[in-house]
Amino acid sequence: MTDESCGHEITHLFGVVALVGPPNAGKSTLMNSLVGEKVAIVTPKAQTTRNRISGILSTECYQVVFMDTPGIQKTRGKLGEHMNRSAMESLHSADLVLVVADMDLYVRKPHFLKKDFQELRNRLSAIPRVLIAANKIDKIRDKKTMLPVWAELGHLFPDRDIFPVSAATKEGTYELLEKILGHLSPGPPLYPADQLSTLPMRFMASEIIREKLFLALRQEVPYGLAVEIEYWNEEVNMVRLGVLVYVLRDAHKAMVIGHRGSMLKKVCTLARQEIEIMTGKKVFMETFVKVRPGWNESPGFLRSLGI
Ligand SMILES: Nc1nc2c(ncn2[C@@H]2O[C@H](COP(=O)(O)OP(=O)(O)OP(=O)(O)O)[C@@H](O)[C@H]2O)c(=O)[nH]1
Ligand SMILES: [Mg+2]
């Protein structure tokens, strides 16, 4: 397919790009940055992303479907296994793999680098198109301190291009995108130009609620949380949704609800405002918290959450 508006006889490009890497590397932030919209949720806590989350960037000349994935980690239980598998599967379904590394972490703790990338590096050796995004460079004051980490990354991933970027400030992301486009093949767009993700609104809403809960709650609670949209009734100007928040223990339920419901109220207000922006409609949310011991070890339940 050719498109005159892309320049004389320049071909429209299409491709799927998977973002992979350790937890907390900034994969979701980088995808949002490249897409130019918040598609995936972001928190300072590791293991925020649990599913593959697509974000679509469309122009007249190209369409890139980014696939954000859960951080690859030492497995802990069924949920961890599902998250790793989900990330690994994306390697083979993508046209290009973008490995994201937290440079600030490795400048401070160089010995983490090998440990974090050993397995991924082996898996990637058979994948033809791989780029490395050396992320969070805005956090590194003295850029010279990056040099040993840079050399080690080059050693781990020989013959792959490495790009210094900051997903937070967008520094270097333009150059990275140019390189990504250089790896794409001719092809027509698969999705309408205004579509931001392949995921349904109700799933995005459950992610927004999970993000607000992750941000508001103490360290031990978020990992035991799951959010399910029980019903989603959309009218012309309004969406009514029923939300179930699952927790592992009674004590967690009390923390999610908070004193006289204050925590849940705060979380729901923040989530509702964001869902209203996403849908462009007034949102009415009804939320219940349920204790479901072992939900994170139940394959059937994980499947019902789309994990
Ligand atoms: N300063 C700075 N912070 C960043 C950058 N990229 C991401 N972060 C922060 O790093 C934390 C983790 O970012 P995420 O995008 O959630 O990381 P992730 O790799 O998707 O994490 P998981 O989904 O848990 O695997 C958040 O607090 C982000 O705001 C960056 O370039 N600079
Ligand atoms: Mg993420």
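Sequence positions, counted from 1, serve as the residue numbers for this chain. Atoms within each ligand, like the ligands themselves, are counted from 1 in listed order. Keep in mind that the numbers below use all heavy atoms, side chains included, and drop hydrogens, waters and symmetry copies.
- For ligand 1, the atoms closer than 4.0 angstrom to any heavy atom of Ser166 are 31 (O).
- Taking any N or O of Val165, backbone or side chain, none lies under 3.5 Å from an N or O belonging to ligand 1.
- Counting only protein N, O or S atoms closer than 2.8 Å to the Mg ion (ligand 2) gives 2.
- Using modelled atom types, one finds a donor on one side chain and an acceptor on the other under 3.5 Å when comparing Tyr106 with Asp116.
- The single protein non-hydrogen atom nearest to atom 3 (N) of ligand 1 is Lys136 CD, 4.1 Å, given as residue, atom name and distance.
- Closest to atom 13 (O) of ligand 1 among all protein heavy atoms lies Thr29 OG1, 3.5 Å.
- Judged by distance alone, the side chains of Thr43 and Thr48 do bring a donor and an acceptor atom under 3.5 Å apart.
- From the protein, the heavy atom lying nearest to atom 26 (C) of ligand 1 is Thr43 O, 3.5 Å.
- The closest side-chain donor-acceptor pair between Ser28 and Asp68 falls under 3.5 angstrom.
- Distances below 4.0 Å separate heavy atoms of Lys139 from the following atoms of ligand 1: 1 (N), 2 (C).
- Between the side chain of Gln63 and the backbone N or O of Phe14, no donor-acceptor pair lies under 3.5 Å.
- Under the salt bridge (Lys or Arg N to Asp or Glu O under 4.0 Å) test applied with Asp104, the options Lys109, Lys139, Arg141, Lys136 reduce to a single match, Lys139.
- The closest donor-acceptor contact from the side chain of Arg52 to the backbone of Ser86 lies under 3.5 Å.
- Not a single side chain to side chain donor-acceptor pair (under 3.5 Å) links Arg240 to another residue, sequence neighbours left out.
- At the top of the distance list for atom 21 (O) of ligand 1, counting protein heavy atoms only, stands Asn24 N, 3.0 Å.
- Heavy atoms only, all atoms of each residue included: Ile275 and Met285 are closest at CD1-SD, 4.2 Å.
- A donor atom on one side chain and an acceptor atom on the other are found under 3.5 Å apart for Glu228 and Tyr246.
- Remark: ligand 1 and Thr48 share an N or O pair separated by less than 3.5 Å (distance only, no angle test).
- Within the structure, ligand 1 lacks Arg50 among the residues with a heavy atom less than 4.0 angstrom away.
- Here the closest heavy-atom approach between residue Gln73 and residue Asn84 is recorded as O-ND2, 2.8 Å.
- Close N/O approach between Ile137 and ligand 1 is not found [any backbone or side-chain N/O within under 3.5 Å].
- On a distance-only criterion, Gly71 and ligand 1 share at least one N/O pair closer than 3.5 Å.
- With hydrogens left out, the protein atom closest to atom 1 (N) of ligand 1 is Asp138 OD2, 2.9 Å, a heavy atom.
- When only non-hydrogen protein atoms are considered, atom 6 (N) of ligand 1 lies nearest to Asn135 ND2, 3.2 Å.
- Proximity of Pro44 to ligand 1, defined as any heavy-atom pair under 4.0 Å, is shared by backbone and side chain alike.
- Considering both main-chain and side-chain atoms, Ala167 comes within under 3.5 Å of ligand 1 through a nitrogen or oxygen pair.
- Taking any N or O of Pro23, backbone or side chain, none lies under 3.5 Å from an N or O belonging to ligand 1.
- Looking at Phe66 and Val16, their side chains never come closer than 4.5 Å, going by heavy atoms from C-beta outward.
- The shortest heavy-atom contact between Asn296 and Leu248 is OD1-CD2, 3.5 Å.
- At the top of the distance list for atom 25 (O) of ligand 1, counting protein heavy atoms only, stands Lys27 NZ, 2.8 Å.
- Between Val35 and Leu57 the shortest heavy-atom distance is O-CD1, 3.9 Å.
- At a cut-off of 3.5 Å, with distance as the only test, no side-chain donor of Thr69 or Ser90 sits close to an acceptor on the other residue.
- A donor-acceptor pair shorter than 3.5 Å cannot be found between the side chains of Trp150 and Glu152.
- In the vicinity of Ala46, heavy-atom distances shorter than 4.0 Å reach the ligand 1 atoms 24 (O).
- Atom 17 (O) of ligand 1 has its closest protein heavy atom at Gly26 N, 3.1 Å.
- Within the listing of ligand 1, atoms 24 (O) sit less than 4.0 angstrom from a heavy atom of Lys45.
- For the pair Glu235 (side chain) and Asn237 (backbone), a donor-acceptor distance under 3.5 Å is absent.
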